[in-house]
Amino acid sequence: MKIIFDNGRWNFTTADNAGWLNMGFELNGQSCSNYAVSRLDCGLDAVGSGSGWGEELQFRYGSAPDSLIVRRFITNTGTVPLVLESISDGRINDGGEITFPGIHEYTLRCVHTANVRTEKYPDSRPEYPYVKPVHYQPFHFGIGEGNHVPALIITDEDYSAALVEGDLNQTRFERTWWLGLDGAGEKGKPLIRTYQGIQTMPLAAAPCKLNPGESIEVSRVFYQILKNTHPQDALTGYVEELNLQHVFAGAKSPMLHGSVFCTWNYGTRYNIDEQLLAGRARSIAERVPECTHFLIDDGYQADRGKRNGPLDCFYPDPVERYARQKFPSGMKAMADTIRNLGLLPCIWLSPAVYLDSPLAMEHPDWLLCDENGDAGLLGRTTFLDPSVPEAWKFLMSVFDALFVQWGYKGIKFDFMTHWFTLQRARYRNGGSGPEWRDRIFHEIRKRIGEDGLFMTCIAMTMGNPFPGLNADCYRCGCDIHDGTWAEQLKACKATLPQILLEGRKTFLLNMDSAGFGSVPENEQIFRLTWVFITQGIIELGGPVESMPDRQIALWRKLLADVDRGHKVRCLDDNAFTGDGFPEILKVEYPEDSITFKRGVRAHIAFFNWEERSKYVGGELNYLGIDPAAKITNFWTGETLTNQTVINEFLSPHTSRLIEVSI
């Protein structure tokens, strides 16, 4: 399979004509011409000229089979500044076409995390299914605040062919897609009449501007043609290419083999003080010695009131702005107490700023606003504008207080997603959302160290790997709070795409705390099983000092030989085409993992989300289990013998977790 380029249009197709035909490029509504082409063994280069600008295109064959990497550079060849008003590629004119042999509009499907969640303030809701018919009216994939995986899959209902496209460089620009059956052309000619990749600088106050002679890379995109590939495997080549070009925190996170206790869920919330936390940390150290980190959640700040403790609580002198009545010895002493118990101290932080706070009223020029100067971006709150030097200086002083002067080794960075993704916000002095995200995250990482724990939280993230250049993990669902069944459903809904991403090759998901609450035992085990099998970080929560020994034993079972971030597979296809609640999840361990080395080959979990009893399972061949393997119930240790079929009869809200070993 070879790249073909002719006068600004490129083709990349299989012998049976699956792929991209006559794809083009656009800048400010214009295309280049007069390309000089250099053909190479690894691809080709093309250099073209426009009116006052030039374009360099680099086409390289990827390391994954039948893949292509396309890099695009724009140069200002004129004598005046060049403003990049619009940057796009794809079906630029009627000649462009996405081709699938033998596929028609009834069978055409698209796969993107936007199919599963809408996160656009003030709205947030799950969507489904993950594998969805291509919209007739063009749909804009990747917009909003959901931190979507910047990759799009177009396939058919049998997955006989698939086209994958993914962003490889979200450091300044962000890629979104318009896709739909409707558009320029006659019905069915081509089948997909709207197909365009859009490069934008979200939250930038003005479009990118190049001075004369200046160049910039505007896109770096991965393309791959697959045959007979299920959607849960379709992004494998894209993720492998990402790892060739970037180093993600998931590969080296302390949570691969550690765990963190968080003070928020299962009854405590912001009702914390020095005595409670010292006692709870001591109980963790004594009763759950496998736990490695202790996170103080919201509730320690001065003048917090009943608000989620915002950044303005730290104004004007961050190191002194803690609740002295609750923490009379100070927050540094609190961190030292935790550290002396053998736990690494971590702390919660939100960058939100209330509009009626002293910080906001004394420094309105520090606040992030929209293009009209309105700071009311999120109801009663906004953020600091990091492009304002004095605002940046104050933000750095907060980081210094928490991580340098107080000595905390980790962070749960909450309510921060909109800071970098809210479409109406504008950084007044330059920079885009990805740029400021990476710069701020880097400042945190610099202070906590490479071995520190960097957790990100709300808004729920759909698995975008690029925050993982600095962060260890991301919250992928709602707060579990007290662990009621309704809260379990809400926390687990719309998380299928994230579960399927291999955390060690991006960064780790966080399903929120594993705990117990005042719910039936079957729902408690359901929660622990879900946290275990989804391979994210293990976060614990609850009043450990008063928990019964049985619950402590379950926690310690959960933490025995912690080995996280491995590939998870969903064995029931209804999860992809239905409401997204998986019934069978499997983790098969690679040979170099500590779990494999102790004889365990796989874990398989079965879930009944329904209000009626039902059978969940399948034949050993379907489950990928060797008939000679030893099969045990993970939680009880009971051995399952003479099994040719594992078909669990599960009551409502019940799960089973089995261990497959040699």
Side-chain angles (χ1 to χ4, degrees), residues 3-14 16-27 29-31 57 59 66-72 86-115 131-143 148-157 159-168 173-200 218-226 231 234-235 238:
I3 175 69
I4 297 173
F5 185 85
D6 182 29
N7 197 30
R9 300 288 182 264
W10 61 275
N11 299 349
F12 190 62
T13 60
T14 59
D16 61 353
N17 212 34
W20 293 267
L21 278 175
N22 294 319
M23 296 290 108
F25 302 90
E26 171 272 339
L27 176 70
Q30 301 178 10
S31 296
L57 305 172
F59 298 88
D66 297 332
S67 67
L68 182 71
I69 298 162
V70 181
R71 299 181 69 180
R72 184 185 184 193
S86 67
I87 310 167
S88 66
D89 55 75
R91 187 171 185 257
I92 300 301
N93 59 25
D94 291 350
E97 186 173 356
I98 297 291
T99 63
F100 282 93
I103 297 177
H104 54 80
E105 61 189 46
Y106 281 33
T107 61
L108 198 61
R109 300 290 184 266
C110 63
V111 185
H112 189 277
T113 54
N115 289 345
V131 179
K132 184 175 288 188
V134 173
H135 298 74
Y136 180 77
Q137 295 293 338
F139 184 83
H140 198 177
F141 288 93
I143 61 170
H148 291 288
V149 176
L152 177 67
I153 304 167
I154 304 174
T155 185
D156 67 296
E157 63 182 359
Y159 313 137
S160 61
L163 304 184
V164 179
E165 181 179 344
D167 191 359
L168 291 171
F173 293 91
E174 185 176 84
R175 188 171 183 84
T176 60
W177 289 267
W178 279 102
L179 177 71
L181 298 182
D182 199 13
E186 300 178 26
K187 183 180 185 301
K189 299 179 182 179
L191 183 58
I192 296 175
R193 300 194 294 284
T194 296
Y195 174 76
Q196 202 164 15
I198 311 295
Q199 299 292 131
T200 62
V218 295
S219 61
R220 188 188 309 171
V221 185
F222 173 90
Y223 298 88
Q224 188 176 26
I225 304 172
L226 300 169
L235 295 182
Y238 168 62

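What you see is a predicted model; the values in this text were computed from it and never measured.
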> Can Leu163 and Phe100 be said to form a side-chain contact (heavy atoms from CB on, under 4.5 Å), step by step?
Replying inline: CA-CA 9 Å; Leu163 304 184; Phe100 282 93; 3.6 Å; yes

Nearest 0.5 Å, please: how far is [atom2] in [Y] from [atom1] in [X]?
X      : Y      : atom1 : atom2 : answer
Thr194 : Ile98  : OG1   : CD1   : 11.5 Å
Thr113 : His148 : OG1   : NE2   : 5.0 Å
Ile3   : Leu68  : CD1   : CG    : 5.0 Å
Arg71  : Leu168 : CZ    : CG    : 9.5 Å

> Which residues pass the side-chain hydrogen bond (donor to acceptor under 3.5 Å, both in side chains) test with Asn115, sequence neighbours left out?
Replying inline: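 None.
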
> Can you name the residues that form a side-chain hydrogen bond (donor to acceptor under 3.5 Å, both in side chains) with Asn22, not counting sequence neighbours?
Replying inline: none

Taking all atoms of both residues into account, what is the closest heavy-atom pair of [X] and [Y], and its distance?
X      : Y      : value
Glu105 : Leu191 : N-CD1, 3.6 Å
Val131 : Arg109 : CG1-CB, 3.9 Å
Glu26  : Ser31  : CA-OG, 4.4 Å
Gly142 : His112 : N-CE1, 3.6 Å
Phe139 : Ala114 : CE2-CB, 4.3 Å
Asn17  : Pro101 : O-CD, 4.1 Å

Is the backbone of [Y] close enough, under 3.5 Å, to the side chain of [X] for a donor and an acceptor to pair up by distance?
X      : Y      : result
Tyr238 : Asp167 : yes
Asp156 : Ala161 : yes
Gln199 : Val218 : yes

>> Does Phe141 form a side-chain contact (heavy atoms from CB on, under 4.5 Å) with Cys110? I'd like the steps, not just the answer.
In response: CA-CA 10 Å; Phe141 288 93; Cys110 63; 3.7 Å; yes

>> Can you see whether Gln196 engages Ser88 through a side-chain donor-acceptor pair at a distance of less than 3.5 angstrom?
In response: yes

Are the side chains of [Y] and [X] in contact, using a 4.5 Å heavy-atom criterion?
X      : Y      : answer
Phe222 : Pro150 : no
Arg72  : Ile87  : yes
Phe5   : Leu57  : yes
Leu108 : Ile154 : yes
Phe12  : Met23  : no

Review item, side-chain donor-acceptor pairs of residues 176-184, under 3.5 Å, at least two apart:
unit_1, atom_1, unit_2, atom_2, d
Thr176, OG1, His140, NE2, 2.8
Trp177, NE1, Glu165, OE1, 3.3
Trp177, NE1, Glu165, OE2, 2.8
Asp182, OD1, Arg193, NH2, 3.4

>> If you apply the rule side-chain contact (heavy atoms from CB on, under 4.5 Å), what do you find for Trp20 with Ile225, and how did you get there?
In response: CA-CA 9 Å; Trp20 293 267; Ile225 304 172; 3.5 Å; yes

> Can you list the steps and then say if Asn11 with Thr13 is a side chain to side chain donor-acceptor pair (under 3.5 Å)?
Replying inline: CA-CA 6 Å; Asn11 299 349; Thr13 60; over 6 Å; no

